Amino acid sequence: MPLALPDFPWDSLLPYRATAGAHPDGIVDLAIGSPVDPVPVLIRDALAAAVDSPGYPQTQGSPEVRAAIVDWYARRGVEIGVENTIPTIGSKEFIATLPTLLGLGPGDVVVFPTVAYPTYEVGARIAGAEVLRSDEPDEWPANTRLVWLNSPGNPDGRVRGREFLRRAVVRAREIGAVVANDECYTELNWDGEEPTPSILDPEVTQGSRRLTLAVHSLSKRSNLAGYRAGFIAGCSDLVGEILEARKHAGLIPPAPVQHAMAVALGDDAHVIAQKSRYAARRAQLASALVDAGFRIDESRAGLYLWTTRGDDCWVTVAAFAELGILVTPGSFYGEAGREHVRISLTATDERVAAAARRLVPSSN
């Protein structure tokens, strides 16, 4: 029998995409956060240099890519070893399969934020587990077996501090649950130059990584969505168990991609340059949204502006579509997002400028 999964939410945006696409100056797609800027040359060159890879790659990752992950963490004040990490085929496949790889099923609870990326729920339902939306560790029931945190958050850009992350880790260990923080947007922090706090920060783990995982992606920081390049890091025992399951399932990033990842993780300059591009687009969109009467909530990191005028999200989506702008309804991420829309920064400078003009035509 087919799995009892939610409807694929993006299909419901098709009529609004058609409306926006009819705008005389064309659509401005600020819905899906897919990078539009070029892949940095050094990463393209690394991929090309590794294309002659006839043998099977290693599920655990090549020594080169694992060392690059370890070094990347060290530059951020977190000491791990190669046994603490595995490259993944982007982050979405890992999020969707983790409950299954952990052996979860009926009677087990998977917790995720009240406003959350839909794949946390999808992964739980594939495994047949129960789901709970909760932002408060004290609410997590005793039969919780996996907790998803997401800081910086998608869609709302919320950043969790070390104190909250530490409380989450303590509670998860009390009930014997794995606690995984989706940190894919960690380097796109708008509050300062430093990456946002990691669940593997020594102040959070208090000397033990037991039951903790961090999930990362190079899709946004390095424009590698098309490469499907991600990795996990955390408790070596847990990582080892996940590795054994992934070996059986054949979940392996291609060898050329692993080499490109190693090069990308070794270079911070291209990440800083890309962040600067997003910062300029963010400033232009945020100013136009405020001038148009919107309020921007959270949005302290990541690639989205979480905004509202107090209307139902679908009313706002329709209003944007009439301007030729496609945005994402907050209800995609849970009922708590019903009055918000998510606006992506992943459009060209020209398209972002067009959106700003349409939002506040009198100021242009």
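All of these numbers come straight from a predicted model, not from anything done at the bench. The analysis underlying the following values was restricted to heavy atoms, covering all of them including side chains, and did not include hydrogens, waters or symmetry mates.
- A distance of 8.5 Å separates CZ in Arg167 from CZ in Arg160, rounded to the nearest 0.5 Å.
- Side-chain contact annotation: Asn154 with Arg342, donor-acceptor N/O pair under 3.5 Å present.
- Within the structure, side-chain hydrogen bond (donor to acceptor under 3.5 Å, both in side chains) contacts touching residues 56-68 (residues at least two apart or in different chains) are Glu64-His259.
- Listed here is the closest heavy atom pair of Gly33 and Tyr304: CA-OH, 3.8 Å.
- There is no path of hydrophobic side-chain contacts, each under 4.5 Å, that joins Leu188 to Trp72.
- Counting only N and O atoms by type, the side chains of Thr196 and Thr186 include a donor and acceptor under 3.5 Å apart.
- A distance-only check finds no donor-acceptor pair linking the side chain of Arg338 to the backbone of Asp312 [under 3.5 Å].
- Taking the charged nitrogens against the carboxylate oxygens, Arg158 and Asp297 have no contact shorter than 4.0 Å, which rules out a salt bridge.
- Asp37 pairs by the salt bridge (charged side-chain N to carboxylate O under 4.0 Å, His left out) definition with Arg281, not counting sequence neighbours.
- Connection of Leu102 to Ile232 is established within a shared hydrophobic cluster, with ILVMFWY side chains joined at heavy-atom distances below 4.5 Å, either directly or through further cluster members.
- At a threshold of 4.5 Å between side-chain heavy atoms, the hydrophobic network of Ile, Leu, Val, Met, Phe, Trp and Tyr places Met261 and Leu251 in two separate groups.
- Each of Val169, Leu146, Leu213 was checked for a side-chain contact (heavy atoms from CB on, under 4.5 Å) with Val179, and the lone residue meeting it is Val169.
- Ring geometry for His340 versus Trp306: interplanar angle under 30°, hence parallel rather than tilted (30 to 60°).
- Atoms CG and OH, on Asn150 and Tyr117 in that order, are 9.5 Å from each other to the nearest 0.5 Å.
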(request) Evaluate the criterion ring pair (Phe, Tyr, Trp, His ring centres under 6.0 Å) for residue pair Tyr185 and Tyr278; output intermediate values, then yes/no. (result) CA-CA 12 Å; Tyr185 298 93; Tyr278 284 134; 9.7 Å; no
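- Between Asp268 and Arg75 there is a salt bridge, with a side-chain nitrogen of the basic residue lying less than 4.0 Å from a carboxylate oxygen of the acidic one.
- Residues Glu339 and Thr308 bring no donor and acceptor atom of their side chains to less than 3.5 Å of each other.
- Considering all non-hydrogen atoms of both residues, Gly337 and Val115 come closest at N-CG2, 4.1 Å.
- Of the inter-residue distances, the one linking Thr205 atom OG1 with Ile199 atom CD1 reads 9.5 Å to the nearest 0.5 angstrom.
- The two atoms that bring Phe164 and Asp135 nearest to each other are CE1-O, 3.5 Å, heavy atoms only.
- In this structure, a donor-acceptor pair under 3.5 Å is absent between the side chains of Ser236 and Glu83.
- Scanning all heavy atoms of the two residues, the minimum distance from Arg300 to Asp191 falls at NE-OD2, 2.5 Å.
- Formation of a donor-acceptor pair under 3.5 Å by the Arg309 side chain with backbone atoms of Ala292 is found in this model.
- Of the possible donor and acceptor atoms, none in the side chain of Glu183 sits under 3.5 Å from a partner among the backbone N and O of Ser151.
- Between Cys313 and Val341, the closest heavy-atom pair is O-CG1, 3.7 Å.
- Taking the six-membered ring where the residue is Trp, His216 and Phe231 present parallel rings, their angle staying beneath 30° rather than reaching 60°.
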(request) Would you check, one step at a time, whether the test side chain to side chain contact (heavy atoms under 4.5 Å, CB included) holds for Val110 with Arg145? (result) CA-CA 6 Å; Val110 176; Arg145 292 296 170 262; over 6 Å; no
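- Across every non-hydrogen atom of Asn223 and Pro35, the tightest pair is OD1-CB, 3.8 Å.
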